[in-house]
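Notes follow the structure.
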Amino acid sequence: MENNNPTFSLVIIGFNTEQCLKKLLVSIEKIKYPVESMEVIYIDDGSRDNSFSLFESFELNCSTKSFAFKQNRGRVYASDKGIKLATGEWILTLQSNVVVDE
């Protein structure tokens with residue numbers, strides 16, 4: 001039986017970081033990694049800006065998942081939720097105000 005799970009799950013935790021999130025997503029697009037082996041998961045920790053909508057409408061070349069808390073719960077809850085949604089063998093958690101190198 002073939003395993004269709006990605007090798008790598010990138011879990012992004014965000015709270016009111018719409019402008020930074022866009023920069024991060026653009027940088028993810030430039031990663032030199034097979035897109036079929038990667039998934040990007042965005043956990044919105046109760047943002048009041050358009051962070052969640054931005055992620056939902058951004059067209060990444062890989063598999064995506066997202067979840068939004070109705071109110072801010074903190075990094076621990078957000079990270080835990082992202083890890084539970086991840087299906088990759090490897091998981092990297094990031095704050096949404098960083099940029100990744102290709």
Side-chain angles (χ1 to χ4, degrees):
M1 186 173 211
E2 187 176 324
N3 181 358
N4 292 326
N5 287 344
T7 304
F8 181 68
S9 297
L10 179 61
V11 178
I12 303 167
I13 308 303
F15 177 69
N16 291 334
T17 55
E18 181 180 1
Q19 296 304 315
C20 297
L21 177 60
K22 185 170 184 176
K23 290 177 186 175
L24 172 57
L25 295 175
V26 168
S27 73
I28 289 171
E29 279 291 293
K30 297 177 183 176
I31 292 177
K32 295 178 180 169
Y33 195 80
V35 293
E36 64 276 359
S37 299
M38 185 172 86
E39 71 179 347
V40 176
I41 301 165
Y42 177 67
I43 306 300
D44 188 275
D45 195 16
S47 296
R48 300 218 189 306
D49 65 4
N50 290 317
S51 300
F52 188 74
S53 297
L54 170 67
F55 181 81
E56 290 281 296
S57 65
F58 197 93
E59 293 187 28
L60 288 168
N61 292 328
C62 59
S63 173
T64 62
K65 297 176 186 171
S66 57
F67 180 85
F69 286 105
K70 292 186 188 322
Q71 59 184 344
N72 185 262
R73 301 283 313 268
R75 290 183 192 170
V76 173
Y77 284 97
S79 296
D80 185 56
K81 181 65 176 178
I83 290 168
K84 287 178 180 174
L85 290 174
T87 58
E89 295 175 43
W90 295 91
I91 301 170
L92 174 64
T93 59
L94 292 173
Q95 300 299 313
S96 60
N97 62 349
V98 300
V99 174
V100 295
D101 191 13
E102 57 187 68

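The structure displayed is predicted, hence computed values, not measured ones.
- When side chains are defined from C-beta on, Phe55 counts as touching Leu25, because their heavy atoms get closer than 4.5 Å.
- What you find for Gly88 and Ser9 is that their closest heavy atoms are N-OG, 2.8 Å.
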*Evaluate the criterion side-chain contact (heavy atoms from CB on, under 4.5 Å) for residue pair Glu29 and Phe58; output intermediate values, then yes/no.*
CA-CA 10 Å; Glu29 279 291 293; Phe58 197 93; 4.0 Å; yes

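- The side-chain heavy atoms of Leu10 and Ile41, taken from C-beta on, include no pair separated by under 4.5 Å.
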*Output, in order, the C-alpha distance, side-chain angles, deciding distance and verdict of side chain to side chain donor-acceptor pair (under 3.5 Å) for Thr64 and Glu39.*
CA-CA 6 Å; Thr64 62; Glu39 71 179 347; over 6 Å; no

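- If you chain together hydrophobic residues whose side chains sit under 4.5 Å apart, Val98 and Tyr33 fall into the same group.
- Looking at heavy atoms from C-beta onward, Leu94 lies out of side-chain contact with Ile13 at the 4.5 angstrom threshold.
- Between the side chain of Ser51 and the backbone N or O of Glu18 there is at least one donor-acceptor pair closer than 3.5 Å.
- Residues Phe15 and Phe67 do not share a hydrophobic cluster, clusters being chains of Ile/Leu/Val/Met/Phe/Trp/Tyr side chains in contact below 4.5 Å.
- Counting heavy atoms from C-beta on, the side chains of Val76 and Ser79 never come closer than 4.5 Å.
- Using a 3.5 Å distance cut-off with no hydrogens or angles, the side chains of Ser53 and Asn50 do not pair a donor with an acceptor.
- Shown here for Tyr42 and Ser47, the closest heavy-atom pair between the two residues is OH-OG, 4.4 Å.
- Residue Met38 comes nearest to Cys62 through the heavy atom pair O-CB, 3.4 Å, listed as atom of the first residue, atom of the second, then distance.
- In this structure, the side chains of Ile12 and Ile28 come closer than 4.5 Å at one or more pairs of heavy atoms.
- One hydrophobic cluster, built from ILVMFWY side chains closer than 4.5 Å, holds both Ile31 and Val26.
- Between the side chain of Asn72 and the backbone N or O of Asp45 there is at least one donor-acceptor pair closer than 3.5 Å.
- Ring to ring, Phe69 and Tyr77 are not that close: their centroids are 6.0 angstrom or more apart.
- A 4.5 Å side-chain heavy-atom check between Thr7 and Trp90 finds at least one atom pair inside the cut-off.
- In this structure a side-chain-to-backbone donor-acceptor pair under 3.5 Å is present from Ser57 to Leu54.
- Phe8 and Leu24 fall within the same hydrophobic cluster, where Ile, Leu, Val, Met, Phe, Trp and Tyr residues are linked whenever their side-chain heavy atoms come under 4.5 Å apart, directly or through other members.
- In terms of heavy-atom proximity, Leu85 sits nearest to Lys65 at O-NZ, 2.7 Å.
- For Glu56, the side-chain contact (heavy atoms from CB on, under 4.5 Å) criterion is met by Phe52, Ser66, not counting sequence neighbours.
- Contact record, Ala86 with Ile91: CB-CD1, 3.7 Å, taken as the closest heavy-atom pair.
- Heavy atoms only, all atoms of each residue included: Asn97 and Cys20 are closest at CA-CB, 3.6 Å.
- Residues Lys81 and Arg73 form no side-chain contact, since every pair of their non-hydrogen atoms from C-beta on lies 4.5 Å or further apart.
- Each of Val11 and Leu92 belongs to its own hydrophobic cluster when Ile, Leu, Val, Met, Phe, Trp and Tyr are linked at side-chain heavy-atom distances under 4.5 angstrom.
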